[in-house]
Peer 1: 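Dropping a structure here in structure tokens format, bear with me for questions.
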Amino acid sequence: MDAKRADGEKTPDLSAPSPIADRLLAWYDRHRRDLPWRARPGETADPYRVWLSEVMLQQTTVAAVRPRFENWLARWPDFASLAVAGEADVMAAWAGLGYYARARNLVAAARVVVAEHGGAFPRTEAALRRLPGLGAYTAAAVAAIAFGERAVVVDANVERVVARLFAIRQPLPAARTAIRRAADTITPNMRAGDFAQAMMDLGSAICTSRAPKCLLCPLADDCAALAAGTPDAFPVKPAKKARPQRHGTIFWLRRGDRVLLVRRPDKGLLGGMRALPTGPWQDAAPGLEDAPAQADWRMLDGVVTHGFTHFQLDLALAVATIEGEQPVAGEWWPIDALGTAGLPTVFARAADAIVEQGG
DNA sequence: GAGCCGTGGCT
DNA sequence: TAGCCAAGGCT
């Protein structure tokens, strides 16, 4: 490896040699992905871009993040602009990405950076960890990638790679203590940021959850799980629980060429997002319970189904038209501009289904 | 520790 | 196709 090419690394390497890190970094220097948020060799990483990308990538694929990252940067290119952004605009910009607390926490963190840190991002893992939305993983990743700190970066990729390298037989989540300790032993003092990204690239391309490509792996000779003949048996995962089925009703209330939208409560599912009105979500279909207005409701044929992380939802579709100035809480949004409302996917799909049926 | 919190892609 | 999975954080 070529330590002089490290991005923003300053600490001298006082650690014992780590053949695993050396082999991985050599592989990374040849196979690293070129990603929009990633500094190229010799470039200095932009902490704002590193942070934004890490948050967007939480539980979210690179393919989904790519276009969103560029659009976001065009609107809010730095901490100062994000700190004064309107929360409604930010939430709408995040629509479709999921885990909406991330968007609210981005704004909150930017405001803390401006108000309490003079607009400069904290440079240590410990200080980053105190910002909203930066947990153990993201604080370590930003500290390592943006600031060159030797932080132990453990995400699902690292968990998988390390559990295989060391053939850790304890099941998740209890294994995380041992995995972190093992990850610490192979994390180099120099190029900790490159090392973290190398582990993620390896996990993404080679050491995959299913059918790992061990023949192409630069760490094959180090891997206890491969030596045991069952690399894909690690990490050991707990049995998943079944997702319950819930039922609800979506209310499509028209007035002229507009439809009623509401804002969901800040806490909880789809918190703070613009939405179509719905009644309660429960074990059986609730019918017209909690309709947003007295009207001549008509049920459409069929339901819209949507899977969330911890339950499955069937939504019946109720439509009605009202006239005049009956006061109704919410916003009347032009139906032909619903795409600009920033609806979460479940409501965007329901709206499509309703419009198709002439709602 | 365990439940809650989205979505799209892949097998 | 139904389940699995992805650069997690918060309570």
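Since the structure is predicted, the reported quantities are computational estimates derived from the model, not experimental observations. As a basis for the values below, the full set of heavy atoms in this structure was taken, side chains included, without hydrogen atoms, waters or symmetry mates.
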Peer 1: Would A:Tyr137 and A:Glu54 count as having a side-chain donor-acceptor pair, cut-off 3.5 Å?
Peer 2: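 Note: A:Tyr137 and A:Glu54 side chains meet the donor-acceptor criterion.
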Peer 1: Between C:dG9, C:dC5, B:dT7, which nucleotide gets closest to the side-chain atoms of A:Ser209?
Peer 2: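 Nearest nucleotide to the side chain: C:dC5.
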Peer 1: Between A:Arg102 and A:Thr60, does any side-chain donor sit less than 3.5 Å from a side-chain acceptor?
Peer 2: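 The criterion, which ignores hydrogens and geometry beyond distance, is satisfied for A:Thr60 and A:Arg102.
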Peer 1: Looking only at atom C1', what distance separates B:dG1 and C:dG8, rounded to whole Å?
Peer 2: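 Rounded to whole Å, the distance is 16 Å.
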Peer 1: Which part of the nucleic acid does A:Thr60 contact within heavy-atom distance under 4.0 Å: base, sugar-phosphate only, or nothing?
Peer 2: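 Base, at least one base atom sits under 4.0 Å.
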Peer 1: Please report the distance, rounded to the nearest Å, between CG in A:Leu97 and P in B:dG6.
Peer 2: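 So the two atoms are 12 Å apart, to the nearest Å.
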Peer 1: Would you please classify the geometry between the A:Trp94 ring and the A:Trp72 ring as parallel, tilted or perpendicular, with 30° and 60° separating the classes?
Peer 2: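 Rings of A:Trp72 and A:Trp94: perpendicular, as their planes differ by over 60°.
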Peer 1: Before we go on, tell me: are the rings of A:Phe308 and A:His310 under 6.0 Å apart, centre to centre?
Peer 2: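 Ring centres of A:His310 and A:Phe308 not closer than 6.0 Å.
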Peer 1: So which of residues 49-59 of chain A are in contact with DNA chain C, with a heavy-atom cut-off of under 4.0 Å?
Peer 2: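 Of all residues in residues 49-59 of chain A, the ones placing a heavy atom under 4.0 Å from DNA chain C are A:Glu54, A:Leu57, A:Gln58, A:Gln59.
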Peer 1: Which part of the nucleic acid, if any, lies within contact of A:Thr345, taking any heavy atom under 4.0 Å across all strands shown: a base, the sugar-phosphate backbone alone, or nothing?
Peer 2: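 Sugar-phosphate only.
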Peer 1: Side chain of A:Arg210 only, heavy atoms from C-beta on: which candidate in C:dA7, B:dT7, B:dT11 is closest?
Peer 2: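 Between C:dA7, B:dT7, B:dT11, the one nearest the side chain of A:Arg210 would be B:dT11.
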Peer 1: Aromatic ring centroids of A:Tyr48 and A:Phe121 under 6.0 Å?
Peer 2: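 Not under 6.0 Å, so no.
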Peer 1: Rounding to an integer number of angstrom, what distance separates B:dC5 and C:dA7 when you compare their P atoms?
Peer 2: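 About 23 Å, rounded to a whole number of Å.
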Peer 1: Can you work out whether A:Arg160 or A:Arg243 has the more 5'-proximal nearest nucleotide on DNA chain C?
Peer 2: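 It is A:Arg243, whose closest nucleotide lies nearer the 5' terminus.
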Peer 1: Partner of C:dG3 by Watson-Crick or G-U wobble geometry, both contacts under 3.5 Å, or none?
Peer 2: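 Here C:dG3 is engaged in a pair, and the nucleotide opposite it is B:dC10.
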Peer 1: Just checking A:Trp94: base, sugar-phosphate only, or nothing, at a heavy-atom cut-off of under 4.0 Å?
Peer 2: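 The residue A:Trp94 makes no contact with any strand.
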Peer 1: Between A:Lys237 and A:Ala156, name the one whose nearest nucleotide on DNA chain C is closer to the 5' end.
Peer 2: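 Its nearest nucleotide being more 5', the pick is A:Lys237.
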